[in-house]
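Numbering starts at 1 and runs along the sequence shown.
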Amino acid sequence: MLRSSLGKMLLLLILLFSGAIHLAYADTAFVNRPDVQEYIQWMVKKYNFDKPQLTSLLNQVKIRPQVIRSINKPLEKEPWRLYQMLFVNEWRITHGVEFWNKYEAVLNQAEKVFGVPASIIVATIGVETRYGQRTGDYRVIDSLSNLAFSNSPRAGFFRKELTEFFLLTREDHLDPLKVMGSYAGAIGQPQFMPSSYRYYAVNFSGSGKTDLMNNEVDVIGSIANYYRKHGWGTNEPVAVQAIVMGDRYNYLTRYGHPNQSYNFSDLSKYGVIPKIPVQHDELRVKIIQLNNRYSTEYWLGFRNFDVIKRYNQSDLYAMAVYQLSYYIKTLRNKNQGSN
């Protein structure tokens, strides 16, 4: 009996050891791939990286199959009602009010400097990381490397982001092996991709170093700057729900371009009218369809809706940010009115 138990333990140890060797080999083999070697050579020539150092970093990349699985099954493919329940809920609304109250002075300053409403800034942080609570538990170097050298149609995009990541860590003196983020390689409380971090992050705190991981003041200023740089229209609306009457709308869905913009008089001819009066009816809008399992919601998105989509190209994402911002602002105003 004892000999049998020892034999089983020995077999288990051998299997575990061989498994560890296999995993180590798989990870080490990554850097020896021809496409990875070609990338290293390009980085050395283009950006003057140290070849042994960059090789050493990529030699420590861990193979993460779950990264590929996650990128192929984004939440944005789910029905709108499910997506809405996940991101526009009581917890995010109440904690959004708390976050706003805590950083009221900073948010007021960001509004003044960048012209972006505090509610939109707060809602973006709420949707992205639950106000900084979930910033990602993947090493960014692993996420980006796995995606950059995969068969994904977006591999080219992630390879560019991997390059931006190495440039960012070199410029900001960060350890590439310690920066954590999402499965897609997004960093910090605002979940900026490395290119956005480099080009749009600002040291709003005046500390001398931009920190999107731990400094909420920099986070607030950077999100506001991001939206402003992408064309945010100060005091312009984001979206308004629409009513579709009759069957003339089918002509637009059949012959219109998905990203085509319209003025309100054009839409009324096809039975599409805003559910509530609109102050800025001189602005052009795009038709947004939010599909549920058995029904469809229709909205009209203004320019600022498209600006939010520069963060994430999904209509579901932009609508979640907009609706969360609306409910946060409504609850905060209600609380202040009752005091």
Side-chain angles (χ1 to χ4, degrees), residues 11-77 128-129 134-199 201 212-213 312-313:
L11 178 60
L12 179 61
L13 288 171
I14 291 172
L15 289 172
L16 288 172
F17 181 70
S18 62
I21 292 176
H22 173 74
L23 289 175
Y25 173 75
D27 289 347
T28 303
F30 173 80
V31 79
N32 293 321
R33 289 173 43 169
D35 52 352
V36 177
Q37 284 293 312
E38 182 180 348
Y39 174 75
I40 292 172
Q41 295 282 24
W42 179 79
M43 288 287 283
V44 170
K45 183 177 180 180
K46 175 98 176 159
Y47 295 107
N48 199 32
F49 274 85
D50 181 77
K51 184 176 180 180
Q53 184 181 38
L54 188 57
T55 301
S56 175
L57 286 173
L58 289 170
N59 193 39
Q60 298 176 68
V61 166
K62 302 299 181 183
I63 304 304
R64 305 292 189 197
Q66 63 269 39
V67 167
I68 306 298
R69 290 196 296 268
S70 296
I71 210 72
N72 289 332
K73 293 184 178 180
L75 283 172
E76 286 75 15
K77 290 185 178 181
E128 288 292 343
T129 57
R134 295 182 180 176
T135 56
D137 52 7
Y138 292 86
R139 291 196 313 176
V140 172
I141 192 173
D142 291 338
S143 296
L144 292 178
S145 296
N146 275 255
L147 292 166
F149 299 97
S150 70
N151 293 323
S152 168
R154 300 181 65 199
F157 165 79
F158 287 109
R159 194 171 299 192
K160 291 178 182 177
E161 289 298 335
L162 179 62
T163 299
E164 296 284 352
F165 174 69
F166 284 130
L167 292 170
L168 171 67
T169 54
R170 183 170 70 176
E171 292 163 356
D172 285 15
H173 308 289
L174 303 173
D175 185 343
L177 299 175
K178 292 183 178 180
V179 179
M180 307 298 289
S182 73
Y183 66 82
I187 303 169
Q189 295 188 40
Q191 291 290 273
F192 273 12
M193 293 301 289
S195 60
S196 294
Y197 202 126
R198 289 188 69 217
Y199 304 139
L212 299 188
M213 276 71 83
N312 181 317
Q313 284 298 308

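For the pair N146 (side chain) and V67 (backbone), a donor-acceptor distance under 3.5 Å is absent. Within the 3.5 Å criterion, the main-chain N or O of I68 finds a donor-acceptor partner in the side chain of N72. S56 places no side-chain N or O within donor-acceptor distance of the main-chain N or O of P52, the cut-off being under 3.5 Å. A donor-acceptor pair under 3.5 Å is formed between the side chain of T163 and the backbone N or O of R159. Put simply, the side chain of E161 never gets that close to the backbone of F157: no donor and acceptor are under 3.5 Å apart.
Crowding of R134 atom CZ: a count of heavy atoms from other residues, nucleotides or ligands under 6.0 Å not exceeding 12. Within a 6.0 Å radius of CD in E38, other residues, nucleotides and ligands contribute 12 heavy atoms or fewer.
Interatomic distance, CZ of R64 versus OG of S70, reported as 12.5 Å (0.5 Å rounding). Note: M193 CE to Y199 OH = 12.5 Å, rounded to the nearest 0.5 Å.
With contacts defined as side-chain heavy-atom distances shorter than 4.5 Å, the pair F30/K62 does not qualify. Considering only heavy atoms from C-beta on, Y47 comes within 4.5 Å of W42 through its side chain. The shortest distance between side-chain heavy atoms of R198 and F165 does not fall below 4.5 Å. I187 places a side-chain heavy atom less than 4.5 Å from the side chain of L168. Contact annotation: the side chain of M180 never approaches that of V140 to less than 4.5 Å [non-hydrogen atoms, C-beta and beyond]. The closest side-chain heavy-atom distance from D50 to V44 is not below 4.5 Å.
Residue pairs meeting the side-chain hydrogen bond (donor to acceptor under 3.5 Å, both in side chains) criterion with at least one member in residues 172-190, sequence neighbours excluded: Q189-E216.
Under the ring-ring contact (aromatic ring centres under 6.0 Å, His included) criterion, Y39 pairs with F149, not counting sequence neighbours. With sequence neighbours left out, the side-chain contact (heavy atoms from CB on, under 4.5 Å) criterion links N312 to E76, S314, Y317.
Nearest heavy atom pair, residue Q37 against residue V31, reads NE2-O, 2.7 Å. Contact detail for A184 and L147: the closest heavy-atom pair is CA-CD1, 4.1 Å. Smallest separation of non-hydrogen atoms from P176 and L57: CG-CD1, 4.0 Å.
No hydrogens or angles considered: nothing links the side chains of E164 and Y197 as a donor-acceptor pair under 3.5 Å.
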(message) Between M213 and T135, does the side chain to side chain contact (heavy atoms under 4.5 Å, CB included) criterion hold? Intermediate values first, please.
(response) CA-CA 8 Å; M213 276 71 83; T135 56; over 6 Å; no
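Residue M43 forms a side chain to side chain contact (heavy atoms under 4.5 Å, CB included) with just one option from L162, L54, L58, and that option is L54. The one candidate from T169, L167, L174 that meets the side chain to side chain contact (heavy atoms under 4.5 Å, CB included) condition with E171 is L167.
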